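Okay, so here's the structure we're looking at.
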Amino acid sequence: MYACVKCDAQSSKWLGRCPECGGWGTVVENGSTPSAAGGGISPLRRQGGDSAARGGLGRARASSPLSQAAGPEHRARLSSGDAEADRVLGGGFVHGSLVLISGEPGIGKSTLVAQIAGSISSERRAPMAVSRQLSAVSYQPSGETRRAGASPPPNAERRTIYVSGEESARQLADRFARLASSGDGVRFLEPFPVETLVATLEKEKPAFAVLDSVQTLTSDALDATAGSPALVRYATGLLLDLAKRTGITILLVGQVTKDGSVAGPKTLEHLVDAVLTLEGDAAHAYRLLRATKNRFGSTDEVGVFEMTARGLKAVENPSARFLKERAAAPGSVVTGAAEGSRVFLVEVQALVERAAYGTPVRRASGFDGNRLQMLCAILSKRGGLKLGDQDVYVNVIGGLELREPAADLAICAAVASAVRGTAAPEPVLYVGEVGLGGEVRSIPFLDRRLAEAKRLGITRAVVPAKAAKSVDGMNVAGLANVGQL
Ligand SMILES: Nc1ncnc2c1ncn2[C@@H]1O[C@H](COP(=O)(O)OP(=O)(O)O)[C@@H](O)[C@H]1O
Ligand SMILES: [Mg+2]
């Protein structure tokens, strides 16, 4: 097989120009694959019985008991120094894991990893989760380095190496200064080819290493441009092997391309142990940190941060913040969005106006536009609202994205309230999924959504009729159909 080193397109014959990406001279032959080798076995030899097969298929190795591999040091996790990030990771970094953090340019990836690196290396930090790591035999510096006079430094469990292909050491030091993080314990490593980086990390054995970003990594061995899928995959493979072999925890930064994938192919996400995504709307200060893949924890935890001049700060009470400036205007309602084990209350606004010309528009910010069209059709057909010649705009406050069907009822209520021009003096919570028949359907985590509303002093809620229940101190109404809105 032949593959393009730039875009990884496969072909069965050599081509001067890659048909996928148009690159010239980028198609090279892949190493022969096992299946190709297997094809060479003649039917006669296959009939030769067991001995022939055994001779050709590799050497037997011994398996080992799993219990031998388990030890207290494997369960202890490396805290990132930030409670929100730790929660998203499932309780901190697992030693020897390779974690990818991805996000759009300028969203705050470098800021977050610098904060984590600064915190892990910081002297002031109590050596909590990492204290046991020294007892793990495999993490001890080799006898050779000790003989060379380099006695293991007392803070070996905090040693952090930062590789930046995007910033110089000077710029990085400025960043640490701005984040009010000393960065004292952080060591800088030039963006050498990945083979050199691996050898250096293996020799220096830090507890934690940051590589910003995977797209800037180069290689001595592989003839491919930085950022190409082949190189990204190759470099990540080397780093994964390094992490597993040495117990170094590696945090890899990945840029997201326009189509939303990390480094082109999804293969990168399959290689690493965990994928964190930092998302948010550049126009808003809020950032959500989510685990989209986690080999060592749940994938639905969310951390809420705010971008400030001094870096990313965890938001203490997100619901209160999202509702802070809510005004009792027509078209404004509150919904409860469940993200992992948490519920956030957010304000949903709608504006309905007579279409100036032609086809009326349905625009949504923070909500799926196709779903909004569907809900408008349901409101027209089942709810008796005349939306045929009306423009409908929906906006979710705070730059949040509502992805659950549980937000349907809030969208419908906001649109209905905007059409009528009526505003509830007090905030009302709306949660429920709306079906094509206009029926309001049950949703998960209703209790938690109601509890969060109650905590913030909301006393009225509208929920699916089948799930309606009484809650102390709250007026909960059940709704069977959007027509009742
Ligand atoms: N000197 C600065 N002062 C205040 N804010 C800054 C400064 N430098 C960067 N930022 C803010 O931090 C944001 C995130 O930057 P960065 O962490 O470098 O993003 P990424 O690494 O995801 O591309 C920027 O969009 C900007 O808003
Ligand atoms: Mg960056």
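Just so it is clear, the model here is predicted, and its values are computed rather than measured. Ligands are counted one by one from 1 in listed order, and the atoms in each one are counted from 1 as well.
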Nearest-neighbour protein heavy atom for atom 16 (P) of ligand 1, which is reported as residue plus atom name and distance: Thr111 OG1, 3.6 Å
Charged N-O contact under 4.0 Å between Glu452 and Arg449: no
Salt-bridge present (Arg342, Glu339; N to O < 4.0 Å): no
Distance-only side-chain donor-acceptor flag, Thr111 / Arg175, under 3.5 Å: yes
Minimum-distance protein heavy atom relative to atom 21 (O) of ligand 1: Ser110 OG, 2.6 Å
salt_bridge(Lys109, Glu166) N-O dist < 4.0 Å: no
Ion pair Asp184/Arg158, N-O distance below 4.0 Å: no
Sub-4.0 Å protein heavy atom next to atom 27 (O) of ligand 1: no
Heteroatom proximity flag, Pro105 to ligand 1, N/O under 3.5 Å: no
Arg287, Gln255, Lys109, Arg178: member with heavy atom nearest to atom 6 (C) of ligand 1: Arg178
Glu279 bridged to Arg290 by N-O distance under 4.0 Å: yes
Aromatic ring pairing Phe176/Tyr162, orientation class (parallel under 30°, perpendicular over 60°, tilted between): perpendicular
Nearest neighbour in protein (non-hydrogen) for atom 25 (O) of ligand 1: Gly106 O, 2.8 Å
Close N or O approach (Gly108, ligand 1; < 3.5 Å): yes
The Mg ion (ligand 2) reached by Ser110 (N, O or S, under 2.8 Å): yes
For atom 18 (O) of ligand 1, closest protein heavy-atom neighbour: Arg175 NH2, 2.9 Å
Protein contact to atom 12 (O) of ligand 1 [nearest heavy atom, distance to 0.1 Å]: Met307 CE, 3.6 Å
